[in-house]
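Proteins get letters first, then strands, A, B, ... in listed order; numbering begins at 1 in each.
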Amino acid sequence: MKEILIISGKGGCGKTSLCAGFAKLAKSAVLVDCDVDASDLHLLLKPEIIKKEVFIAGELPSLDEEKCIRCGKCKEYCRLNAITFAEHELPVFHENACEGCKVCTIVCPTKAITMVPRTCGEWMKSQTCAGMMFHARLLPGGENSGKLIAEIRKAAREEAKREKQDLLLSDGPPGIGCPVISSITGVDMAVIITEPTLSGLHDLKRTIQMAREFEVEIRVIINKYDLNSEMADKIQKACEKNGIQVIGKMPFDPIFNSSLREGKTIIDFPDSEPAKILASIWKQIDPSKEKGKRK
Amino acid sequence: MKIAVASGKGGTGKTTVSLALAEVLGTKGLLLDCDVEEPNCHLFFQMPADKTTPVTVKIPSFNQDLCIGCHQCSDFCAFNAIANIGKKLLIFPELCHSCGGCAYLCPTKAIQEIDHKIGVLEYRKKGSVELITGIMDVGNIIAVPIIHQVIAQADSHRTTILDSPPGTACPMVNTIRDADFVILVTEPTPFGLYDLQLAQDTLEAMNIPSGVIINRADDSCADVEAFCKSRNIDVLMKIPFSKKIATGYSNGDSLLTSAPELKPKFTQLLQKLGGL
Amino acid sequence: MKLAISCQGTKLTDAVDTRFGRAANFLLYDTETKEVSVIPNTQNLQAAQGAGIQSGMTVAKSGAEAIITGHCGPKAFRVLQEGNVKIYLTDNTGSVADAIQLWEDGKLQSITSADVDGHWL
């Protein structure tokens, strides 16, 4: 079974649109939407939820008001300003800022603070037109996105094994921090989507640098390349110079938006130019085309 | 005054709008780039940094001679960042959240906190516009401490614009936490609208007032407008989709450089928000 | 000497658990007395991060001089190295007893660096 992750570093380059297209082209795939913070893949793949699970990770402080002597020590030692205090009032714990370090529990002189499990979100297993999909919702300000991503990837891997699927295809989160790192570990190939802008090039470099810390094949697709062909060429040359394979250039096309509005992928318009180009890009990375290829 | 520029979806135009606001504010403003994983504002300044300072966090350092092997530190650590093998202690800096708990607990004061670099702050000034950028070192996983240090540079005498990370998780939330107002930038597409709803839910949960700018606006803004009406938030501005602006952006030209005719809109917006 | 093996179950006939950080249990096998004891690894199933570190400590504390497992990430590797535990990898899908036999026959290689990326899985 091969695992492919679609990422971009910079947001808005077209990860989800292209990933949905690949999902449709793939013969047998399990899909994962690793952008648990703002997951959009479901808008294109119309999932029917089969199973929902609450995601509990980390802890939050809980105050025993009777024991509290309002000394303010908890606020003093909290380095995240997650505890505020009006004089002689009870401390207020701000969930959005709390990371669950528990320092408040050890500095409290009356042991008035204990930690309780934290519900960070939920995850779902759903049936879609392109295969089984695992996706999640992180609550606003949610912590532990890395662990939530790990949970859905684990469930997806088990499904792929059980159903003897060739491919685990993941729509990744933006950026290069914890959520992306949790998405990329153990993956066979990271396909980085970029756009022909100065920001796109800058973010691509950082994304490649991050991806190189992992044992993963890296490929690049330049999306909307004709918005600035000169910049697109610059990006292509920079990739080639650094030994990074550019596997395709997608044109800017209003069909991306119009198909999105209809809740369809561009592959649902197979006669369109973008669909044909995407299909030929897919042939280069489709695992069902490989015979015993190793990393 | 602190105005944060956020979105749910990435790539809607946060940086574009942040730069435009900063250009209009001039010396009355300060631009802070809090998208520390992939900061972009500085690219539009087209100049190297005037000054760079390291961003550090505290991590524990162990004096093995004083250690009595009680393991309170590793048992306490909520992030499994400390391993003990007999009396040998190992710290995994990438997992450490710098809470100080281990040092507090150690009965023999065998733990001292030392500085560990996780990124940098870069300072730039071009004309009347001042920019401070937070950049996370690649390979780090936690963006939030750098975001805090960028925001600590805010100036109470000026209107501070916070270019926020995308999404609604801890990086974005930590950026907008103390903002007086959040401008949500969206695009008139189903992805844009869906993620806008997530972002607005977050702001309502945090009780922060907001308004929406529709970027790359065309004649399909009705859904976004209806959403804003349903949540009682204003559509503050529509920036039309324009090849001229897109090309300028791709070459590193700011919005007001490509489309100076939009400047009065931003002036009016800042006046309306009380930032000018 | 004591040899640890990551295991899906609790007996020598049970399958090797190829994961280290999230292994269900560790079997501790004494090569002289042939005795087996079970070290549960349940605390790690819920850990949000650092499971490899925790498992590393568990194995180091057990007195094992070597561990047989499927994969070892960089954090776990660091802990085991510090604890002077030699790491042997097997992709054998058989039982713990099979893995021990391979080790005794000298057919398993000890690794000098982590073989996989660290992860939260």
Heavy-atom proximity to chain B below 4.5 Å, by part of [X]:
X	value
Glu195(A)	side chain
Met210(A)	both
Val107(A)	both
Thr207(A)	both
Asp35(A)	neither
Ile176(A)	both
Ser145(A)	neither

Are there over 12 heavy-atom neighbours, none belonging to [X], within less than 6.0 Å of that residue's [atom1]?
X	atom1	answer
Lys234(A)	NZ	no
Glu76(A)	CD	yes
Lys126(B)	NZ	yes

Taking [X] for the side chain and [Y] for the main chain, is one N or O donor matched with an acceptor at less than 3.5 Å?
X	Y	value
Glu38(B)	Gly175(A)	no
Asp37(A)	Gly167(B)	no
Lys102(A)	Phe76(B)	yes

When [options] are compared by non-hydrogen pairs under 4.5 Å with chain B, the top option:
options	result
Asp203(A), Leu260(A), Val103(A)	Asp203(A)
Leu44(A), Asn228(A), Thr16(A), Val36(A)	Asn228(A)
Leu138(A), Asn81(A), Ile106(A)	Ile106(A)

Side chains of [X] and [Y] in contact at under 4.5 Å (non-hydrogen atoms):
X	Y	answer
Arg137(A)	Leu198(B)	yes
Pro174(A)	Pro166(B)	yes
Arg79(A)	Cys99(B)	no
Leu80(A)	His97(B)	no
Met206(B)	His94(A)	no
His42(B)	His202(A)	yes

Give, for atom [atom1] of [X] and atom [atom2] of [Y], the distance between the pair rounded to the nearest 0.5 Å.
X	Y	atom1	atom2	result
Ser199(A)	Asn40(B)	OG	CG	4.0 Å
Leu198(A)	Leu43(B)	CG	CG	5.0 Å
Ser98(B)	Glu99(A)	OG	CD	9.0 Å
Asp137(B)	Arg206(A)	CG	CZ	8.0 Å
Asn257(A)	Ser220(B)	CG	OG	7.0 Å
Tyr194(B)	Ser39(A)	OH	OG	5.0 Å

Chain A heavy atoms under 4.5 Å from [X]: which part of the residue, side chain, backbone, both or neither?
X	result
Lys58(B)	side chain
Asn251(B)	both
Ala246(B)	neither
Phe44(B)	side chain
Asp218(B)	side chain
Phe191(B)	both

Determine the minimum heavy-atom distance between [X] and [Y], stating which atoms define it.
X	Y	value
Leu227(A)	Thr247(B)	O-OG1, 4.4 Å
Ala78(B)	Gly100(A)	CB-O, 3.4 Å
Asn140(B)	Ile181(A)	O-CD1, 3.9 Å

Pick from [options]: which one has the most heavy-atom pairs with chain A under 4.5 Å?
options	result
Ser7(B), Pro39(B), Gly8(B), Gly13(B)	Pro39(B)
Val173(B), Thr202(B), Asp195(B), Leu203(B)	Asp195(B)
Ala169(B), Ala199(B), Gly101(B), Gly11(B)	Ala169(B)
Pro171(B), Cys102(B), Gly192(B), Cys170(B)	Cys170(B)
Lys9(B), Met136(B), Glu187(B)	Met136(B)

(Q) Please determine whether a side-chain nitrogen of the Lys or Arg among Glu95(A) and Arg177(B) lies less than 4.0 Å from a carboxylate oxygen of the Asp or Glu. (A)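 Judged by the 4.0 Å cut-off on N to carboxylate O distance, Glu95(A) and Arg177(B) do not form a salt bridge.
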Q) Aromatic rings Tyr77(A) and Tyr104(B): how do their planes relate, parallel, tilted or perpendicular, breaks at 30° and 60°? A) perpendicular
Q: Sort by residue number and list every member of residues 142-149 of chain B having a non-hydrogen atom under 4.5 Å from chain A.
A: Val144(B), His148(B)
